[in-house]
Amino acid sequence: MEFFCYHRDRPGSGDLRSELLEDHWSYMDAYEKQLIARGPTFADDGDTPTGSVHIVDLPDPAAARAFAFDEPNYQAGAYRDVLLRRWRNVLGRTMWDFPGGRTGGNRYLVLGLGAEPAADVAVPPDRDELIAYGPLLSDDATAWLGTAALVRAPDPETARAVLSQDGYAAVEVHAWEFGGRR
C-alpha cells in the first residue's frame, strides 16, 4: 500500500530540524527500499524549510501511522501537523526513475485537496515533467480525497496547472527538492 505523508513544520523549528538532520536521514535510511519519493518543501524565499514529503510503500495504515509519528522531527516537536493519506502511484516509478534527474529546473509539490466528485484521476497528457503523481485516498482506498503531484516546472503557476482549475476545495503549491542521501 502506498502512502503520501507530508509533515508541515512548526514555525521557527528550522534550528531543531538542522540539529536532527542526521537522525531524520538515519530513520529514513531504514525505509530506503520502500520510499517512492522524499524531500523538503520551502517557503517562497527558497531557503526556509516548511515541511517534509515522503511517499512510501508500507503494508497497512498502522505501519504508515508508525512511520509518520515515530519520525524523529515529529517526536521532537519540529512539525505542527501531518497529512497522511493512502496514495496510488499512477506513474509506477520512484523519483529516482524520473527521466529529468535530480537537478535542473524548479521542482514543486502540488497538493489538491478536494471533495467528490474525483478530479484529475487520469495522468495529465504532458507527463514528462511529472516526478510523482497520484490520488489521495481514504485508508480503505474507497474515497478520493485529492491529488498529490511532484512536478518540475519553470514557476509555481505552471506547476499549479498540472491540476484542473475546478474540483478542489484548495490547492497548495510548495517549492520542493529531491531529498535524502542519494
Side-chain angles (χ1 to χ4, degrees), residues 1-14 16-17 20-21 23-25 27-28 30-31 34-44 48-91 94-95 107-121 130-151 153 156 159-160 162-164 167-180:
M1 291 180 185
E2 297 153 337
F3 294 88
F4 174 87
C5 181
Y6 184 33
H7 291 93
R8 296 175 192 263
D9 283 12
R10 183 177 307 285
S13 66
L16 180 57
R17 279 193 62 177
L20 294 169
L21 185 60
D23 292 342
H24 168 76
W25 281 358
Y27 181 81
M28 291 303 156
Y31 292 93
Q34 292 96 342
L35 285 167
I36 296 165
R38 67 185 285 192
T41 57
F42 296 92
D44 292 340
T48 306
T50 59
S52 191
V53 172
H54 297 92
I55 303 174
V56 61
D57 190 356
L58 295 167
D60 54 47
R65 285 188 288 280
F67 169 83
F69 298 113
D70 290 345
E71 194 278 337
N73 288 325
Y74 181 83
Q75 288 292 310
Y79 299 131
R80 71 176 165 93
D81 61 49
V82 179
L83 174 65
L84 180 62
R85 297 285 184 261
R86 284 277 301 272
W87 188 76
R88 187 173 311 117
N89 186 357
V90 297
L91 297 178
T94 71
M95 73 178 199
R107 282 71 186 327
Y108 298 93
L109 163 65
V110 182
L111 190 58
L113 305 173
E116 299 289 343
D120 299 314
V121 181
L130 294 176
I131 299 163
Y133 186 89
L136 299 170
L137 305 165
S138 60
D139 277 357
D140 64 2
T142 61
W144 175 87
L145 303 173
T147 305
L150 298 173
V151 61
R160 164 60 182 93
V162 75
L163 299 184
S164 61
Y168 296 96
V171 175
E172 302 173 13
V173 178
H174 304 272
W176 172 82
E177 68 181 33
F178 276 52

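Predicted model, so just to flag it, every value in this text is computed and none were measured.
- Around CZ of R88, the count of heavy atoms belonging to other residues, nucleotides or ligands within 6.0 Å does not exceed 12.
- Judged as a side chain to side chain donor-acceptor pair (under 3.5 Å), and not counting sequence neighbours, D70 has no contacts.
- A heavy-atom distance below 4.5 Å is found between the side chains of I55 and L150.
- Distance check: T147 OG1 to L136 CG gives 6.5 Å after rounding to the nearest 0.5 Å.
- Residue D44 qualifies as open at atom CG: its count of foreign heavy atoms under 6.0 Å is 12 or below.
- Looking at Q75, its side chain does come within 3.5 Å of a backbone N or O of F69 through a donor-acceptor pair.
- Classified by interplanar angle (parallel below 30°, tilted 30° to 60°, perpendicular above 60°), the ring pair F67/H54 is perpendicular.
- Remark: L91 CG to L130 CG distance equals 5.5 Å, nearest 0.5 Å.
- In this structure, L137 and E2 have side chains that are not in contact, with every pair of non-hydrogen atoms separated by 4.5 Å or more.
- Closest non-hydrogen pair, V82 versus A68, comes out as CG1-CB, 4.1 Å.
- Listed for the W87 side chain is a donor-acceptor partner under 3.5 Å among the backbone atoms of G134.
- Distance alone, capped at 3.5 Å, places no donor-acceptor pair between the E172 side chain and the L111 backbone.
- Counting heavy atoms from C-beta outward, Y6 and D81 have side chains that stay 4.5 Å or more apart.
- Distance check: T48 OG1 to D9 CG gives 10.0 Å after rounding to the nearest 0.5 Å.
- Side-chain contact between D23 and L21: absent, with no pair of heavy atoms (C-beta onward) separated by less than 4.5 Å.
- Ring geometry for W144 versus Y168: interplanar angle of 30 to 60°, hence tilted.
- Residues F4 and V56 fail the side-chain proximity criterion, which asks for heavy atoms closer than 4.5 Å.
- To the nearest 0.5 Å, atom CD of residue Q34 and atom OG1 of residue T94 are 13.0 Å apart.
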| request: Please step through salt bridge (charged side-chain N to carboxylate O under 4.0 Å, His left out) for the pair R86 and D60, ending with a clear verdict. | output: CA-CA 9 Å; R86 284 277 301 272; D60 54 47; over 6 Å; no
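- Of all heavy-atom pairs between R80 and P11, the closest is CD-CD, 4.5 Å.
- In this structure, T50 OG1 and R8 CZ are separated by 8.5 Å, a value rounded to the nearest 0.5 Å.
- Between the side chains of Y108 and T41, not a single donor N or O lies within less than 3.5 Å of an accepting N or O.
- Across all non-hydrogen atoms, the minimal contact from M95 to F178 is O-CE2, 3.4 Å.
- For an aromatic pair to be called close, the ring centres must be under 6.0 Å apart, and Y74 with Y79 fails this.
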| field | Trace of the side-chain hydrogen bond (donor to acceptor under 3.5 Å, both in side chains) decision for E71 with H24 | value | CA-CA 7 Å; E71 194 278 337; H24 168 76; 2.5 Å; yes
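- Considering every non-hydrogen atom in both L20 and P72, the closest pair reads CD1-O, 4.0 Å.
- Looking at heavy atoms from C-beta onward, E177 lies in side-chain contact with F42 at the 4.5 angstrom threshold.
- Smallest separation of non-hydrogen atoms from A159 and V151: CB-CG1, 3.7 Å.
- A donor-acceptor contact closer than 3.5 angstrom links the side chains of D120 and S164.
- The side-chain heavy atoms of W176 and V110, taken from C-beta on, include no pair separated by under 4.5 Å.
- In this structure a side-chain-to-backbone donor-acceptor pair under 3.5 Å is present from D57 to M1.
- A 4.5 Å side-chain heavy-atom check between P61 and L84 finds every atom pair outside the cut-off.
- Heavy-atom minimum distance, A78 versus R17: CB-CG, 3.9 Å.
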